[in-house]
Amino acid sequence: MIDVRLLRNDPEGVRRALARRAKPELLEQLDIASSLDDRLRVITLERDDLRRQVNELSKQVGALRKAGDVAASEAAMEASRELGERERSLAGESDDLSASLHDVMLRITNIPHPDSPDGAGEHDNPVVKGPVNMPATFADHQRVPHWETGTALGILDNERATKISGAMFTMQRGLGATMARALCQLALDRNADAFEEVRPPTLVSTATLTATGHLPKFADDAFAIERDGLWAIPTAEVPLTSLYAGEILDEPDMPARVMAHTSCFRREAGSAGRDTRGMLRTHEFDKVEILAVALPDQAAAMLDELVTRCEGTIAALGLPYRIIEICTGDLGQSHHRSFDIEVYAPGCDRWLEVSSVSWFSDYQARRADIRFRRPGQKGTEIAHTLNGSALAVPRVWAAIVENYRQADGSVRIPDALLPYMRGATVIPAQ
RNA sequence: GGAACGAUGGCAGAGUGGCCAAAUGCAUCCGCCUUGAAAGCGGAAGCCUCGCAAGGGGCCGGGGGUUCAAAUCCCUCUCGUUCCGCCA
């Protein structure tokens, strides 16, 4: 959530900043929020004053009783009763208003960073680095889609995955499964110098999924287990962010850094029929996420660090990649500033988004109530959260199978994965 | 799934209708002492919210109720602990 006070004190500034997202309906919501807030403040003031009077009278009742003045205490009780009735009806109105305001605020997007480039949609995202590791030409033997190679080598068995679970589920086998796991191991090992490894729950409560901004607006994108009120996480960002929910961190402990390898579940509603082959879009996949809870003035440097770390793993795998920055029109609801890393897959002849690194400013932390305290100072401040996909398995796996395919149809294992492959150096042609 | 007991400030833990925003301890901050630190001594200090301020309102797991007045009484939900059952 953005700060209601910001909306109150500088409505034009907020309006200008959100206008950069190029979503007209967003500005309408802003107006609704503003008018709800105005009304709420008037009513709250009036209600607080009534409460003050009731509180005073109640104190008097106690004092008068002690003094033995029964008649006066009865009179005070009667007066208080009347005020209390009016207070209750105002309180009802104020509760309704604040619930409506909260509901609107949950749907209003974060304010883009001033340096986020302007743009209307994903086609306006500028390339800020790369292509890197890009060979001048790709050989014909690399121009084979990973689903063909994967099936031929017996390392991808989507047919049976579909038998087991339905469309958009995948299954790796043999060295393909080993390589999927090796990728996670690599990503965890590369970040273990600074990030605590966590194995969080993958089923979470509604409150947890709301904290990161995935609810209420994107309920259709998540798998739900209605009977138990639980949701399957779309990313480890969800449980890792809420790891600190409701807590007050000490400044010296920040930034807090955690990472996790989890399954991620996405319904991919609205993308039915797209990317149906191979592993480009699946309902369930593995990912290693790295996440930081930082002081506001640490956040910009942390964003750079996360990008560098995620980039480093892709570079270590020797894959051709580039980095793009997300423009204001394509920025996610909770995002303040974001970069994507894309890998080139010669078999599909496409750039694949394999990592997304984002700074959420205080947007998620306000929802999750993650604060920090500076030693020696009164009060608390809201933290900043940031995270990035250190490695998302399926698309990287696909890019490796395509880039590393050799003329004889086998797939060479990238050097960086060799320590985790039980001695295998190649996935042999059948 | 059954039973019992719980949920109070950063943490631990008192408090069973008004003088309780809440004892006490730890942690924190300021001062004294000390070459410096620790210990000791004295003091400050909960969080959220409205307000320039003075000051007001709210918060004792969530929600509802009783009352002039609720941390305290009633209902309900959630979560935790322990025991039993089941189980990887």
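First the proteins, then the strands, lettered A, B, ... as listed; each starts at 1.
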Legend entry - Rounded distance in Å between the P positions of B/A7 and B/A14: 9 Å
Inset, instruction - Using a heavy-atom cut-off of under 4.0 Å over every strand shown, decide if A/Thr380 touches base, sugar-phosphate, or nothing. - result: sugar-phosphate
Legend entry - Positions of residues 47-58 of chain A (non-hydrogen atom under 4.0 Å from RNA chain B), listed by number: A/Asp48, A/Arg51, A/Arg52, A/Asn55, A/Ser58
Inset, instruction - Answer yes or no on whether A/Arg412 is positioned over the face of A/Tyr404, meaning its NZ or CZ is under 6.0 Å from the six-membered ring centre and within 45° of the axis. - result: no
Legend entry - Value in whole Å for how far the C1' atom of B/C79 lies from CG of A/Leu230: 13 Å
Inset, instruction - Starting from P on B/G57, measure out to CD on A/Glu87 and report it in whole angstrom. - result: 11 Å
Legend entry - Residues A/Glu237 and A/Thr212: side-chain donor-acceptor under 3.5 angstrom: no
Inset, instruction - Please work out if A/Arg5 contacts a base, only the sugar-phosphate, or nothing of the nucleic acid, heavy-atom cut-off 4.0 Å. - result: sugar-phosphate
Inset, instruction - Measure across A/Ala194 and A/Arg309 and return the closest heavy-atom pair with its distance rounded to 0.1 Å. - result: CB-NH2, 3.4 Å
Legend entry - A/Glu85 and A/Arg81 ion-paired at < 4.0 Å: no
Legend entry - A/Lys59 NZ to B/G18 P, straight-line distance once rounded to whole Å: 14 Å
Inset, instruction - Look through every strand shown and name the nucleotide pairing with B/G9 as Watson-Crick or G-U wobble, where both distances are under 3.5 Å. - result: none
Legend entry - Nearest-Å distance for atom pair CG/P, residues A/Asp69 and B/C68: 18 Å
Inset, instruction - Rounded to whole angstrom, note down the P distance from B/G9 over to B/U72. - result: 15 Å
Legend entry - Nearest-angstrom distance, C1' atom, B/G18 to B/A71: 13 Å
Legend entry - Side-chain donor/acceptor contact of A/Lys66 with base of B/C19 under 3.5 Å: yes
Inset, instruction - Check whether the side chains of A/Ser356 and A/Asp340 place a donor and an acceptor atom closer than 3.5 Å, and report yes or no. - result: yes
Inset, instruction - Would you please indicate if the ring centroids of A/His335 and A/Phe360 are separated by under 6.0 Å? - result: yes
Legend entry - B/C87 - base-pair partner by Watson-Crick or wobble geometry, distances under 3.5 Å: none
Legend entry - No-hydrogen, no-angle side-chain donor-acceptor test under 3.5 Å, A/Thr328 and A/Arg20: no
Legend entry - Under 3.5 Å on both distances, the Watson-Crick or G-U partner of B/G31: B/C41
Inset, instruction - Report the relative orientation of the aromatic rings in A/His113 and A/His336; use parallel for angles under 30°, tilted for 30 to 60°, perpendicular for over 60°. - result: perpendicular
Inset, instruction - Could you tell me how the ring of A/Phe223 sits relative to the ring of A/Phe265: parallel (under 30°), tilted (30 to 60°) or perpendicular (over 60°)? - result: perpendicular
Inset, instruction - Take atom C1' in B/G58 and the same atom in B/A22, then report the distance between them in whole Å. - result: 15 Å
Legend entry - Integer angstrom distance from the P of B/C30 to that of B/A45: 15 Å
Inset, instruction - Could you check how far CD of A/Glu381 sits from P of B/U49, rounded to whole Å? - result: 12 Å
Legend entry - Side-chain N or O of A/Arg81 closer than 4.0 Å to phosphate OP1/OP2 of B/C68: yes
Legend entry - Separation between the C1' atoms of B/C47 and B/G65, rounded to whole Å: 27 Å
Legend entry - Nearest-angstrom distance, C1' atom, B/G61 to B/A54: 35 Å
Inset, instruction - Between A/Leu45 and A/Ser80, name the one whose nearest nucleotide on RNA chain B is closer to the 5' end. - result: A/Leu45
Legend entry - Within residues 236-252 of chain A: residues closer than 4.0 Å to RNA chain B (heavy atoms): A/Ile248
Legend entry - B/C59 pairs with, by Watson-Crick or G-U criteria that keep both distances under 3.5 Å: B/G46
Legend entry - Gap between atoms CG and P, on A/Leu64 and B/C19 respectively (whole Å): 15 Å
Inset, instruction - Go ahead and name the base partner of B/A21; Watson-Crick or wobble counts if both distances stay under 3.5 Å, otherwise write none. - result: none
Legend entry - A/Arg39/A/Glu93 ion pair, N-O < 4.0 Å: yes
Legend entry - Distance, C1' atom - from B/G62 to B/G80, rounded to whole angstrom: 15 Å
Inset, instruction - If B/U81 has a Watson-Crick or G-U wobble mate with both distances under 3.5 Å, name it; if not, just say none. - result: B/A4
Legend entry - Whole-Å distance separating the CE atom of A/Met77 from the C1' atom of B/G18: 13 Å
Inset, instruction - Search all heavy atoms of A/Leu40 against all heavy atoms of A/Ser94 and return the closest pair with its distance. - result: CD1-O, 3.5 Å
Legend entry - side-chain N/O A/Arg371 vs B/G10 OP1/OP2, d < 4.0 Å: no
Inset, instruction - Could you check whether A/Arg65 gets within reach of a base, just the sugar-phosphate, or nothing at all, counting any heavy atom under 4.0 Å? - result: base
Inset, instruction - Check every strand shown and say whether A/Arg374 touches a base, only sugar-phosphate, or nothing at a heavy-atom separation below 4.0 Å. - result: nothing
Legend entry - Nearest-Å distance for atom pair CG/P, residues A/Leu83 and B/G56: 17 Å
Legend entry - For B/C73, the Watson-Crick or wobble counterpart (both distances under 3.5 Å): B/G65
Legend entry - Flag for A/Thr170-A/Gln172: side-chain donor and acceptor within less than 3.5 Å: yes
